[in-house]
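Before any comments, here is the structure.
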There are 2 protein chains.
Amino acid sequence: MPKPLRADAARNRDKLLDAATRVFGERGLDAPLEEIARRAGVSIGTLYNHFPTREALIDAIFPARVAVLERIGAQALADDDAWRGFTRFVEGVFALQAEDFGLNDALSGRFSTAAGLAEACRGGLEIARRLIARAKDSGQLRADFEERDFITLIWAMSKVIRESADEAPLAWRRCLAFFLDGLRAEAARPIPS
Amino acid sequence: MPKPLRADAARNRDKLLDAATRVFGERGLDAPLEEIARRAGVSIGTLYNHFPTREALIDAIFPARVAVLERIGAQALADDDAWRGFTRFVEGVFALQAEDFGLNDALSGRFSTAAGLAEACRGGLEIARRLIARAKDSGQLRADFEERDFITLIWAMSKVIRESADEAPLAWRRCLAFFLDGLRAEAARPIPS
DNA sequence: AAGTAAGTCGAGGTATGCCTCAACTTCTTC
DNA sequence: GAAGAAGTTGAGGCATACCTCGACTTACTT
């Protein structure tokens with residue numbers, strides 16, 4: 001339906017998406033749009049011509065990246081061992097976040113105004129829900145761990161990832177290991193009110 | 001040594017500290033200084049007259065707040081049960097952070113350029129170190145938990161606290177409970193490299 | 001009560017980043 | 001290759017926040 005772009009416009013659009021992916025990846029979703037335009041070798045006006053809002057740009061990039069998570073989740077669901085599937089999924093998600101500050105922001109809910117991104121996140125959460133249920137059913141994941149706790153975990157780890165990126169880029173793995181040990185059914189103690 | 005302030009200046013200084021405490025508490029350490037001046041009923045020039053940099057203002061407020069942590073830590077060290085002391089300290093720290101976004105920023109290392117604050121944090125860490133050692137010695141805290149993991153935990157929880165403050169102000173307690181269950185010696189599994 | 005040091009004020013300069021639009025350039029079509 | 005549609009440009013207006021400085025006001029001293 002949308003009429004085809006002129007050749008140069010299509011080229012510029014690609015350059016913009018490319019630059020945006022890099023800049024968002026390095027600096028997060030609130031990186032200055034002017035830097036994206038600069039890196040794309042294009043004027044700020046052209047950026048706005050293609051993507052009238054920051055959300056539009058985000059929506060053009062991140063749903064596909066989030067979809068990668070769904071693939072990881074699908075593989076995890078195929079794992080014989082429900083616990084191993086769950087942990088591999090979680091580790092996979094954070095490993096991706098560690099390489100891409102934009103994805104990090106995207107998953108931790110900043111810019112949830114970007115409709116396509118929000119939709120993709122819902123898809124990812126759906127898979128997470130299934131992995132959680134399966135790991136609980138197998139008796140390996142503690143019974144009181146819920147979907148909302150998964151979201152909380154994403155918040156927690158996203159900060160750790162960002163904060164330690166320069167100094168100790170593997171710190172998040174240690175932190176996650178501790179956390180996962182607390183999620184095993186046999187480690188569970190009642191949550192104090 | 002510093003000659004005494006004129007009466008009105010001392011009053012303004014107090015009003016500024018008061019306003020800054022509230023504004024930092026609500027909005028974090030990067031709150032606009034002009035709002036602090038406004039809330040103090042004083043001009044921006046007066047703010048700069050008393051506190052030439054943001055750091056000076058932070059240093060005038062937060063060392064005392066961080067010192068509260070040391071008191072909590074001292075109480076925790078007095079607890080018969082080393083594990084209970086450790087967990088009470090941790091919970092105490094985060095409970096304070098939950099009430100004060102400024103303290104939250106302060107402890108998670110933003111504005112570590114503020115010398116007095118950094119010093120106070122070092123003091124707090126010293127206590128944490130002792131609590132950790134004691135809880136490990138008692139065989140209750142897992143042996144591979146280190147001081148740097150405590151710092152990582154602070155990063156993690158600070159984000160959870162901030163993010164959930166509006167929607168679910170108790171989410172951090174759940175998250176912390178899971179995490180602490182993973183810190184018990186009997187829950188510990190080797191950390192994957 | 002006057003003189004002066006101390007303190008206050010706030011308009012305005014600087015910087016960053018958002019976003020627009022009228023003039024210009026380039027592609028495509030016939 | 002001319003005309004028109006499509007796309008690009010970047011200066012400039014807007015907003016926020018930082019920070020300064022010269023004119024003004026107030027408190028203290030004698």
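Note on naming: letters A, B, ... go to the chains in the order of the sequence lines (proteins, then strands), and numbering restarts at 1 for each one. Everything numeric in this text was worked out from a predicted model, so none of it was measured.
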I need a per-nucleotide contact map over nucleotides 10-21 of chain D, read 5' to 3'. Cutoff is protein heavy atoms under 4.0 Å; write B for the base, S for backbone only, - otherwise. BB-----SBBB-

In the 5'-to-3' direction, what one-character label does each nucleotide of nucleotides 23-30 of chain D receive under the scheme B = base within less than 4.0 Å of a protein heavy atom, S = sugar-phosphate only, - = no such atom? ---BSS--

Is there a side-chain polar atom (N or O) of N49(A) under 4.0 Å from OP1 or OP2 of dG7(D)?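 Indeed not, no polar side-chain atom of N49(A) lies that close.
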
Any side-chain N or O of H50(A) less than 4.0 Å from the OP1 or OP2 oxygen of dT8(D)? yes

Please report the C-alpha distance between E35(A) and R39(A) in whole Å, then the side-chain angles of each, then the deciding distance to 0.1 Å, and finally whether the salt bridge (Lys or Arg N to Asp or Glu O under 4.0 Å) criterion is met. CA-CA 6 Å; E35(A) 168 150 2; R39(A) 289 265 278 268; 3.1 Å; yes

For F62(A), ring pair (Phe, Tyr, Trp, His ring centres under 6.0 Å) partners two or more places apart: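 Ring pair (Phe, Tyr, Trp, His ring centres under 6.0 Å) list for F62(A), sorted by chain: empty.
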
List in chain and number order the residues that pass ring pair (Phe, Tyr, Trp, His ring centres under 6.0 Å) with F24(A), two or more places apart in sequence or in another chain; answer none if no residue qualifies.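 Expected list: none.
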
Return each pair, listed once, that meets side chain to side chain donor-acceptor pair (under 3.5 Å) where at least one residue sits in residues 168-191 of chain A; pairs must be two or more places apart or across chains.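 Listed once each, the pairs are R174(A)-D149(B), D181(A)-R142(B), E186(A)-R189(B), R189(A)-E186(B).
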
Which pairs, with at least one residue in [range] and sequence neighbours excluded, count as a salt bridge (Lys or Arg N to Asp or Glu O under 4.0 Å)?
range: residues 50-60 of chain A; value: none
range: residues 128-139 of chain B; value: E126(B)-R129(B), E126(B)-R130(B), R129(B)-E147(B)
range: residues 86-100 of chain A; value: R65(A)-D100(A), D79(A)-R88(A)
range: residues 101-123 of chain B; value: D30(B)-R110(B), D105(B)-R110(B), D105(B)-R162(B), E119(B)-R122(B)

On DNA chain C, reading 5' to 3', which nucleotide is the first and which the last to sit with an atom under 4.0 Å from a heavy atom of chain A, could you check?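 Contact boundaries, 5' end first: dG17(C) to dT28(C).
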
Without decimals, in angstroms, what is the distance between L16(A) CG and dG7(D) P? 13 Å

Report the distance from atom CZ of F51(A) to atom C1' of dG7(D), rounded to the nearest whole Å.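 Going from F51(A) (CZ) to dG7(D) (C1'), I get 14 Å.
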
With sequence neighbours left out, what residues match L17(B) under side chain to side chain contact (heavy atoms under 4.5 Å, CB included)? R13(B), F51(B), L57(B), A60(B), I61(B)

Under the side chain to side chain contact (heavy atoms under 4.5 Å, CB included) rule, collect the residues that match up with D14(A), sequence neighbours excluded. none

